Number of protein chains: 2
Amino acid sequence: GALGGLGLWLWRRQAVMVASEEDEEEKELRQRFMAPPVSGLQELRRRRRELRSRMELLIMETQAEVCRALAALDPGAAFAVDTWERKEGGGGVSCVLQDGEVFEKAGVNVSVVFGQLSEDAARQMRSRGKSLKAKDGKLPFCAMGVSSVIHPKNPHVPTMHFNYRYFEIEEADGTKQWWFGGGTDLTPTYLNEEDAVHFHKTLKEACDKHDLKLYPKYKKWCDDYFFIKHRGERRGIGGIFFDDVDSPSKEEVFQFVKSCAKAVVPCYIPIVKRHCHDSFTPEEKLWQQLRRGRYVEFNLVYDRGTKFGLLTPGSRIESILMSLPLTARWEYMHTPPESSKEAEILEVLRNPKDWV
Amino acid sequence: GALGGLGLWLWRRQAVMVASEEDEEEKELRQRFMAPPVSGLQELRRRRRELRSRMELLIMETQAEVCRALAALDPGAAFAVDTWERKEGGGGVSCVLQDGEVFEKAGVNVSVVFGQLSEDAARQMRSRGKSLKAKDGKLPFCAMGVSSVIHPKNPHVPTMHFNYRYFEIEEADGTKQWWFGGGTDLTPTYLNEEDAVHFHKTLKEACDKHDLKLYPKYKKWCDDYFFIKHRGERRGIGGIFFDDVDSPSKEEVFQFVKSCAKAVVPCYIPIVKRHCHDSFTPEEKLWQQLRRGRYVEFNLVYDRGTKFGLLTPGSRIESILMSLPLTARWEYMHTPPESSKEAEILEVLRNPKDWV
């Protein structure tokens, strides 16, 4: 509707302009993505061996895969596609489905931004706070990623979040620093052990293909990261999370990130299918809304990505705050009764469990 | 109900224990407050000339005045009164009315806390960041205040916030630093010029009794403080705000703060009365919910008091987050049509006006 209009991306015109032998490839790419990649297809094809290009294709493919899998479960609704530009360099593609039958709000955002960073901003970007040497106070950088939060309507379908990102910064002497970050995590309103095990098992399998140490390490990192300190609760039942990863090699980390990105749909979609027609009570919906409130608290008070985004000049606020639920609720002193289903999930949020 | 139970403050027992000549005073004080003051009545009476005691009585009286004025407008609902203690020193009284006929959520909180601060924490408390010299790394401090947020149900009744507070810190050489802070501000869903003028005029009159420079200065400070930077919007149509005020004298600032506190009821209650029975459409309710979302964004991302509270060990989270609305909403890319009532208030939030 009104939103889709903003995303009219002149695709047809671009397709007309390219040589006829490229038509087939164009057509294929159009099927692969929700919108043309920020860097342009020709540019990506020209530098196809560079990791930046391969990562941009991966995040665009992941966006399309996830959007299509979600849209297939919510036939009455459709993703609005917005392409946007960043004045300072780069842009993005935001896909949002709002107020559907199955999903209250589902957003999948790709951003590919570049430009110059101050030494201070660059240090803040790296979670380990490594300092970088700038030429004339400026560091050329490139940051790209796909990020998504899916808030379903039914309180028996959990909220899911994932994000995979890549950074490059060029120091004064020309050396390039690079790193990857990302993760996938689940936030149920009610605990369902079978779902929790399926979710974590799928992530573990993706990790185990690369190194058996990854899943336990990144599972713990996830539990530590998504901690709402003032509540003494985690945001959800976790998954995996990692940041500032630059070893063993660029190629190996990319392959690992690719496996994680490919695991998003098999992690989550079976859980949505299993529960999206479950019946629920008004009390269950209310508990979901209170948990949505905690989600907002985490994202606005603690999430590094959100905070960094809100403080970065030229960042697209609507794409950053897409992660917030459509609706949320805060009740003073709400405490679920002992041994209730509500107390059961709280216990797990306070004391994370191992699921596999 | 369930909440009131937590606030059972053994008032009767205390009343029995005091000498009979004090009975009349006890009775009077019981009528003046929602619960006994944190420091105890006898203690406050003993040091009645100290500013700390007078301020504690003022914030307790303000709490009771406001709660009674609100409760009178929402006869079906009642304030739950919780008294709480802070392990590290002090405590508070939280009064909350939730899901009434007129008010969605109305909270009025008093806290009186003391103990030891690190030099770092003390510096953060003063908005001007003045550094203080500690003995053995610790600074004895006392902080007290009344703070309140009133979220009405009807979208034609604005949200109101006020907060008046007093700090004392003792430096290594025994000198006491002290300062006051506070303010009262209004957040309407729709603009009503008559209400805006009444609100600001009442505040201006309270300020003008003390110094004609105060209202213009603190009106601007309010517009600057309640700024949601990432939206380019103010939270509401302002009022007054001041922080770290320690001149001309303790007595004069206290008298000014007292005038402001006494202005809360005449500022706001006539506006509630005028509009609480106005009819409204589902679209107007939706716009209110979106504005509630912005309120949450300001409080969780920018508000110094909330951030300081969430980071302070031993602070009472439920009393700090009492300021959040019962419900809020975030829609991706919501933009009201030009020349609509929604666009009218946005214009004022983007470009603050002078109302008196």
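Keep in mind that the numbers below use all heavy atoms, side chains included, and drop hydrogens, waters and symmetry copies. It should be emphasised that the depicted structure is a prediction, and the values quoted were computed from it without experimental measurement. Every chain is numbered from 1, with letters handed out A, B, ... down the list of sequences.
Looking only at side-chain heavy atoms (C-beta outward), A:Val296 and B:Leu300 come within less than 4.5 Å of each other. Looking at A:Trp330 and B:Lys105, their side chains come closer than 4.5 Å, going by heavy atoms from C-beta outward. Looking only at side-chain heavy atoms (C-beta outward), B:Thr327 and A:Gln289 stay at 4.5 Å or farther from each other. Looking at B:His230 and A:Leu321, their side chains come closer than 4.5 Å, going by heavy atoms from C-beta outward.
Within 6.0 Å of the NZ atom in A:Lys229, the count of heavy atoms belonging to other residues, nucleotides or ligands does not exceed 12. More than 12 heavy atoms of other shown residues, nucleotides or ligands fall within 6.0 angstrom of atom CD in A:Glu344. Surrounding CD of A:Glu88 are more than 12 heavy atoms belonging to other residues, nucleotides or ligands, all under 6.0 Å away.
For the atom pair CD (A:Glu318) and NE2 (B:His334), the distance works out to 10.5 Å, reported to the nearest 0.5 Å. Taken from CE in A:Met322 to OH in B:Tyr332, the straight-line distance is 6.5 Å, to the nearest 0.5 Å.
Top candidate by heavy-atom pairs under 4.5 Å with chain A, chosen from B:Ser319, B:Gly107, B:Ala328, B:Ser94, is B:Ala328.
Residue contact with chain A, scored on non-hydrogen atoms closer than 4.5 Å, involves the side chain of B:Asp99 exclusively. When heavy atoms are compared at a cutoff of 4.5 Å, A:Glu297 approaches chain B by way of both its backbone and its side chain. In this structure, the portion of A:Ile317 lying under 4.5 Å from any heavy atom of chain B is its side chain and not its backbone. For B:Arg231, the part lying near chain A is the side chain, with the backbone staying farther off; criterion is any non-hydrogen pair under 4.5 Å.
Ionic pairing of B:Arg329 and A:Glu104 is not present here: no N-O contact between side-chain nitrogen and carboxylate oxygen is shorter than 4.0 angstrom.
B:Glu331 places no side-chain N or O within donor-acceptor distance of the main-chain N or O of A:Leu326, the cut-off being under 3.5 Å.
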